[in-house]
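Following: one structure in C-alpha cells, then a few remarks.
Position 1 is the first residue of the sequence; numbering continues from there.
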Amino acid sequence: MPEEAKWYVVHTYSGYENKVASNLEKTVENRQMQDLIQEVRVPTELVTEIKDNKRREVERKIFPGYVLVKMVLTDESWYIVRNIRGCTGFVGPSSKPIPLTDEEIAKLGVEKKEVEVSYEVGDSVNITGGPLEGFIGTVEEVDLEKNRVRVMVSMFGRETPVELELDQAEPVV
C-alpha cells in the first residue's frame, strides 16, 4: 500500500499551465497511474473585468506558471511529472519536491473540507476560535458556499456583527 498522497507545486512555462495539466492527466490515464498521481489543478479565481464599459466575468490564474499536483512521490511519478512538455520541475530546493503543509493547503483553498453545521439562523452559538473566542452570539446568516457564518455578538452594550468560519462556532448546550 503506497503512502498517503500529498500536494506538490510544479513549475511550468508561463501560459502553459492548462496544457501541462491536461497532458499530465492524459499521461496518468494512459499509464493507469491514478493511484500515484491523483489530482492535477490549476488554481483560478473568477474576476469581474470592466472593459469598454462592459462587465465580464473572467477566470484568472491565481499562480501563473504553477500547477498543483496531488500525488504519492515515487521515482516513477516524479519522472512522469518532470518530463511533461512545458514543465520545468518541482518547487523546492535543487528541484527536490517539497509537499505543501496542511496550513498552506488550507490558505490556498485547494481542498474543501466539509464542515458539519449543527446550528441554524436564530440559534445561540459559542465562538470557539478567532479574537472573540469565548463570546456567545446569535446566528444571523450561514453561508455554506463560502464556509462563513455571521454572528451578532453583544459588545460594550451594542450588537456587533462578526464574520467567522463555520468551524469557529458551535451551538450553546
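- With hydrogens and angles ignored, the 3.5 Å screen pairs no side-chain donor or acceptor of Ser154 with any backbone N or O of Gly157.
- Taking the charged nitrogens against the carboxylate oxygens, Lys70 and Glu39 have no contact shorter than 4.0 Å, which rules out a salt bridge.
- Judged by distance alone, the side chains of Glu17 and Thr12 never bring a donor and an acceptor atom under 3.5 Å apart.
- Residues Trp7 and Ile62 share a single hydrophobic cluster, defined by chaining ILVMFWY side chains whose heavy atoms lie under 4.5 Å apart.
- In this structure, CZ in Arg31 is found 15.0 Å from NZ in Lys26, a value given to the nearest 0.5 Å.
- Here the closest non-hydrogen pair linking Phe63 and Pro43 is CD1-CG, 3.9 Å.
- Residues Ser77 and Val72 approach most closely at OG-O, 2.8 Å, considering heavy atoms.
- A donor-acceptor contact shorter than 3.5 Å is absent between the side chain of Asn23 and the backbone of Val20.
- Transitive grouping of hydrophobic side chains (ILVMFWY, heavy atoms separated by less than 4.5 Å) brings Phe156 and Leu132 into a common cluster.
- No side-chain heavy atom of Val58 sits under 4.5 Å from any side-chain heavy atom of Leu46.
- Side chain of Gln32 to main chain of Glu29: no donor-acceptor pair is present (N/O by atom type, distance under 3.5 Å, no hydrogens or angles).
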Hey, mind stepping through Leu24 and Ile80 against side-chain contact (heavy atoms from CB on, under 4.5 Å) and telling me if it holds? CA-CA 8 Å; Leu24 184 55; Ile80 285 175; 4.0 Å; yes
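- A donor-acceptor pair shorter than 3.5 Å cannot be found between the side chains of Glu170 and Ser118.
- Note on Val162: it does not cluster hydrophobically with Ile136, by side-chain heavy-atom contacts below 4.5 Å among ILVMFWY residues.
- How far CD of Glu25 is from CD1 of Ile37: 10.5 Å, rounded to the nearest 0.5 Å.
- At a threshold of 4.0 Å, the pair Arg60-Glu45 does not count as salt-bridged, since none of the basic side-chain nitrogens sits closer than that to a carboxylate oxygen.
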Verdict with reasoning, Val81 to Val10, per side-chain contact (heavy atoms from CB on, under 4.5 Å): CA-CA 8 Å; Val81 173; Val10 178; 3.7 Å; yes
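- The main-chain N or O of Tyr79 is found under 3.5 Å from a side-chain atom of Asn83 such that the two form a donor-acceptor pair.
- Enclosure of atom OH in Tyr119 by more than 12 non-hydrogen atoms of other residues, nucleotides or ligands within 6.0 angstrom is indicated.
- For the side chain to side chain donor-acceptor pair (under 3.5 Å) criterion with Thr48, the lone passing option out of Arg56, Arg55, Glu57 is Glu57.
- The distance from the CD atom of Glu163 to the CG atom of Asp143 is 8.0 Å, given to the nearest 0.5 Å.
- Relative orientation of the Phe90 and Trp78 rings is parallel, given thresholds of 30° and 60° on the angle between their planes.
- Listed for the Thr138 side chain is no donor-acceptor partner under 3.5 Å among the backbone atoms of Gly122.
- The two atoms that bring Ala5 and Gln38 nearest to each other are CB-OE1, 3.3 Å, heavy atoms only.
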Verify side-chain contact (heavy atoms from CB on, under 4.5 Å) between Leu36 and Glu76, making sure each step is shown before the conclusion. CA-CA 9 Å; Leu36 288 179; Glu76 188 181 10; 4.1 Å; yes
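- Hydrophobic clustering (ILVMFWY, side-chain heavy atoms < 4.5 Å, transitive): Tyr8 and Ile98 are in distinct clusters.
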side-chain contact (heavy atoms from CB on, under 4.5 Å) between Val28 and Gln34, intermediate numbers included: CA-CA 6 Å; Val28 166; Gln34 289 89 344; 4.2 Å; yes
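- Put simply, Val172 and Val149 are part of two different groups of oily side chains (I, L, V, M, F, W, Y) that touch within less than 4.5 Å, one to the next.
- Of all the heavy atoms in Arg148 and Leu166, the pair that sits closest is O-CD2, 3.5 Å.
- The side-chain heavy atoms of Leu100 and Leu68, taken from C-beta on, include a pair separated by under 4.5 Å.
- Heavy atoms from other residues, nucleotides or ligands lying under 6.0 Å from NZ of Lys61 number more than 12.
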